[in-house]
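What follows is a short report on a single structure.
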Amino acid sequence: MAVDTEVLIDWFADVGRDLPWREPDCSAWGVLVSEIMLQQTPVSRVQPIWLEWMARWPVPSALAAETTGEVVRAWGKLGYPRRALRLHAAATVIAQEHGDVVPSDVDTLLALPGIGAYTARAVAAFAYGKRAPVVDTNVRRVVARAVHGAGDAGPASNTRDMADVEALLPAEDAPAAKLSAALMELGALICTARSPKCAECPIYAECAWQHNGRPEYAGPAKPVQKFAGTDRQVRGLLLDVLRGSEGPVEKARLDLVWHESGQRDRCLDSLLVDGLLEQTPDGLFALPGEH
DNA sequence: AAGCCGTGGTA
DNA sequence: TTACCAAGGCT
């Protein structure tokens, strides 16, 4: 067997990080907020913001009562600020339709904005101790190596990836949820993308990748996202002006952040369309609700 | 379903 | 320095 469930669960209990959203008294809301923030953003950058949010908005209805502009401002530089809008929208639905209680059912979670296949199951498992295949980039890499003997995971295939993990999960809810956390932690701490620490791996002896002689990744090349010069960069620069200002600003101020006017205006428009910015009646630009 | 959506750390 | 990487989701 390529994955020794009990060994992994014990390993996680031993060396798993003491992250605040893993504390036994952390609410399901706290878990949900952490999962959204952690989408594509490292733990070290999420932790301080998460602590601020929990102190300020301890329940979904508290966040829902804020303007989206204030939420975007508090999101800071975590990146992908549309996540903040979706979390605000999810909090609103939870407050209004679910009695301010984060749902525990995967399908109900999936219906909320910003919650996809990973996050829905992560909340079910980590907040409610349910058995659900939690598949993120770490787990995909661990399974690719330990189970399939490959150097890394190929392109994601939701159905197949979840079936792979499902097959590893113990039958009972509690140990299954523990294993889900352990698989993620193994990928984050040991079975990393670059320079995996195989000498410290709790399942080294059973790992199919080791048995295969640690072959290099042989799948299709993974697309590399550019950043410099993209709309993503320009949108970030524009939004950063508003995050750093008390109130609305004139367009001339925004024009300073990027030289190419066509791209600049396209990005400004897309921010308005997304609801990350608003235009005031007198033509200034502001975070939504902050004027 | 391939590409877009931020930001910063690391090798 | 460039390139890769980081608890994805949406269209």
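Below, chain A is the first sequence line, B the second, and so on; all start at residue 1.
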Flag for A:Glu35-A:Tyr118: side-chain donor and acceptor within less than 3.5 Å
yes
For [X], answer base if it contacts any base atom (sugar-phosphate contacts may also be present), sugar-phosphate if it contacts only those atoms, and nothing otherwise; contact means non-hydrogen atoms under 4.0 Å.
| X | result |
| --- | --- |
| A:Trp75 | nothing |
| A:Ala117 | sugar-phosphate |
| A:Arg141 | sugar-phosphate |
| A:Thr137 | sugar-phosphate |
| A:Ala193 | sugar-phosphate |
| A:Leu19 | base |

State whether [X] and [Y] are salt-bridged, where the test is any N-O pair (Lys NZ or Arg NE/NH1/NH2 against Asp/Glu carboxylate O) under 4.0 Å.
| X | Y | value |
| --- | --- | --- |
| A:Arg141 | A:Asp152 | no |
| A:Arg243 | A:Asp240 | yes |
| A:Lys251 | A:Asp265 | yes |

Once base and sugar-phosphate atoms are separated, protein heavy atoms under 4.0 Å mark nucleotides 2-11 of chain B, 5' to 3', with B, S and - as ---BBBSB--
Honestly, is A:Arg264 close enough over A:Trp258, meaning NZ or CZ under 6.0 Å from the six-membered ring centre and within 45° of the axis?
no
Cation over ring, A:Lys197 on A:Tyr204, under 6.0 Å and within 45°?
no
Using atom [atom1] in both nucleotides, what's the gap between [N] and [M] to the nearest angstrom?
| N | M | atom1 | result |
| --- | --- | --- | --- |
| C:dG9 | B:dG8 | P | 23 Å |
| C:dA7 | B:dA11 | P | 15 Å |
| B:dG3 | C:dC4 | P | 16 Å |

What is the 5' to 3' range of DNA chain C, first to last nucleotide, that sits under 4.0 Å from any heavy atom of chain A?
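Result: C:dA3 to C:dC10.
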ring-ring contact (aromatic ring centres under 6.0 Å, His included) assessment of A:Trp57 paired with A:Trp29:
CA-CA 10 Å; A:Trp57 300 306; A:Trp29 168 241; 9.0 Å; no
Donor-acceptor check, side chain of A:Asn212 to backbone of A:Pro215, threshold 3.5 angstrom: yes or no?
no
Check for a donor-acceptor pair, side chain of A:Asp173 on one end and backbone N or O of A:Arg131 on the other, with a separation under 3.5 Å.
yes
Taking for A:Arg17 and for A:Leu110 the nucleotide of DNA chain C with the nearest heavy atom, the one nearer the 5' end belongs to A:Arg17
